[in-house]
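These numbers come from the heavy atoms of this one structure, side chains and all, not from hydrogens, waters or symmetry mates. We're numbering straight along the sequence, starting at 1. Here the structure is a predicted model, which is why all the values come from computation and not from measurement.
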Amino acid sequence: QVQLDESGGGLVQAGGSLRLSCAASGRFSSYAMGWFRQAPGKEREFAAAISVNGGYTYYSDSVKGRFTISRDNAKNTAYLQMNSLKPEDTAVYYCAAAPRPYKWPPVEYNYWGQGTQVTVSA
């Protein structure tokens with residue numbers, strides 16, 4: 001089992017950057033990690049995923065080339081570096097953990113954080 005706590009959200013102008021963190025308790029290094037987001041009035045959507053050792057990453061088309069997912073297993077933390085932010089990136093961002101075994105990219109995430117708000121102004 002793992003507990004997740006996101007931080008790093010905030011208000012930023014279009015073109016700016018933010019780095020989200022996801023601090024985990026439990027056996028963090030046993031889980032693939034993902035970032036998802038949910039904009040007002042929309043369904044939650046996948047943004048990025050990273051394998052247990054960080055060797056594989058996967059991105060949605062909407063964030064590819066702008067966002068970078070990473071992890072530090074020694075610190076039990078996953079990150080989402082977001083660059084060239086757009087107003088349409090405004091959403092609550094969630095990190096989630098997918099236990100092994102999993103197909104790549106993972107589709108089943110068992111644990112979720114409470115979310116952190118990211119607002120991008122035009």
Side-chain angles (χ1 to χ4, degrees):
Q1 193 169 6
V2 63
Q3 292 182 317
L4 306 173
D5 185 20
E6 302 96 334
S7 61
L11 173 64
V12 63
Q13 288 187 330
S17 298
L18 280 175
R19 188 176 82 155
L20 306 183
S21 297
C22 175
S25 63
R27 300 182 63 180
F28 176 73
S29 60
S30 297
Y31 296 87
M33 298 298 296
W35 285 96
F36 293 75
R37 63 186 185 181
Q38 187 167 19
K42 295 187 177 182
E43 293 188 354
R44 185 171 60 196
E45 67 171 359
F46 168 82
I50 189 166
S51 59
V52 293
N53 61 5
Y56 294 94
T57 57
Y58 184 76
Y59 298 93
S60 69
D61 288 343
S62 60
V63 308
K64 192 179 300 180
R66 300 187 298 122
F67 291 10
T68 302
I69 189 170
S70 61
R71 67 188 296 160
D72 185 337
N73 285 349
K75 295 183 177 180
N76 279 11
T77 303
Y79 304 96
L80 187 67
Q81 177 67 43
M82 305 185 296
N83 298 329
S84 302
L85 282 162
K86 306 174 182 179
E88 50 263 44
D89 294 318
T90 295
V92 177
Y93 282 72
Y94 300 89
C95 66
R100 290 184 291 189
Y102 51 80
K103 296 174 59 177
W104 187 257
V107 295
E108 294 185 6
Y109 290 82
N110 288 14
Y111 303 102
W112 295 82
Q114 82 289 348
T116 185
Q117 176 71 47
V118 171
T119 303
V120 184
S121 63

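Distance check, rounded to the nearest 0.5 Å: OG of S21 to CG of L80 gives 9.5 Å. Rounded to the nearest 0.5 angstrom, Y31 OH and S51 OG are separated by 16.0 Å.
Every residue two or more places apart in sequence or in another chain that forms a side chain to side chain donor-acceptor pair (under 3.5 Å) with T119 is listed here: Q117. For the ring pair (Phe, Tyr, Trp, His ring centres under 6.0 Å) test, no residue two or more places apart in sequence or in another chain qualifies with Y79. For the side-chain contact (heavy atoms from CB on, under 4.5 Å) test, residues two or more places apart in sequence or in another chain that qualify with D89 are R37, R66, F67, L85, K86, Y93, V120. Listed by chain and number, the residues in a ring pair (Phe, Tyr, Trp, His ring centres under 6.0 Å) with Y94 amount to none (sequence neighbours excluded).
When all heavy atoms of S29 and R71 are compared, the pair lying nearest together is CA-NH2, 4.0 Å. Contact detail for Q38 and K42: the closest heavy-atom pair is NE2-O, 3.1 Å. Between A24 and V2, the shortest heavy-atom contact is CB-CG2, 3.7 Å. Considering all non-hydrogen atoms of both residues, L20 and W35 come closest at CB-CH2, 3.6 Å. The two residues T77 and A23 have their closest heavy-atom pair at OG1-CA, 4.2 Å.
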Side-chain donor/acceptor pairs under 3.5 Å, residues 97-113, sequence neighbours excluded:
{"residue": "Y102", "atom": "OH", "partner": "V52", "partner atom": "N", "Å": "3.3"}
{"residue": "W112", "atom": "NE1", "partner": "Y109", "partner atom": "O", "Å": "3.2"}

Output, in order, the C-alpha distance, side-chain angles, deciding distance and verdict of side-chain contact (heavy atoms from CB on, under 4.5 Å) for L4 and C95. CA-CA 7 Å; L4 306 173; C95 66; 3.7 Å; yes

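More than 12 heavy atoms of other shown residues, nucleotides or ligands fall within 6.0 angstrom of atom CD in E88.
Residues C22 and M33 form a side-chain contact, since some pair of their non-hydrogen atoms from C-beta on lies under 4.5 Å apart. In this structure the side chain of V118 reaches within 4.5 angstrom of the side chain of L18, judged on heavy atoms. By the 4.5 Å heavy-atom criterion applied to side chains, S17 and N83 are counted as neighbours. Inter-residue side-chain proximity for Y56 and I50 is flagged as unmet; no heavy-atom pair is nearer than 4.5 Å.
Among residues at least two apart or in separate chains, there is no salt bridge (Lys or Arg N to Asp or Glu O under 4.0 Å) pair with a member in residues 1-28.
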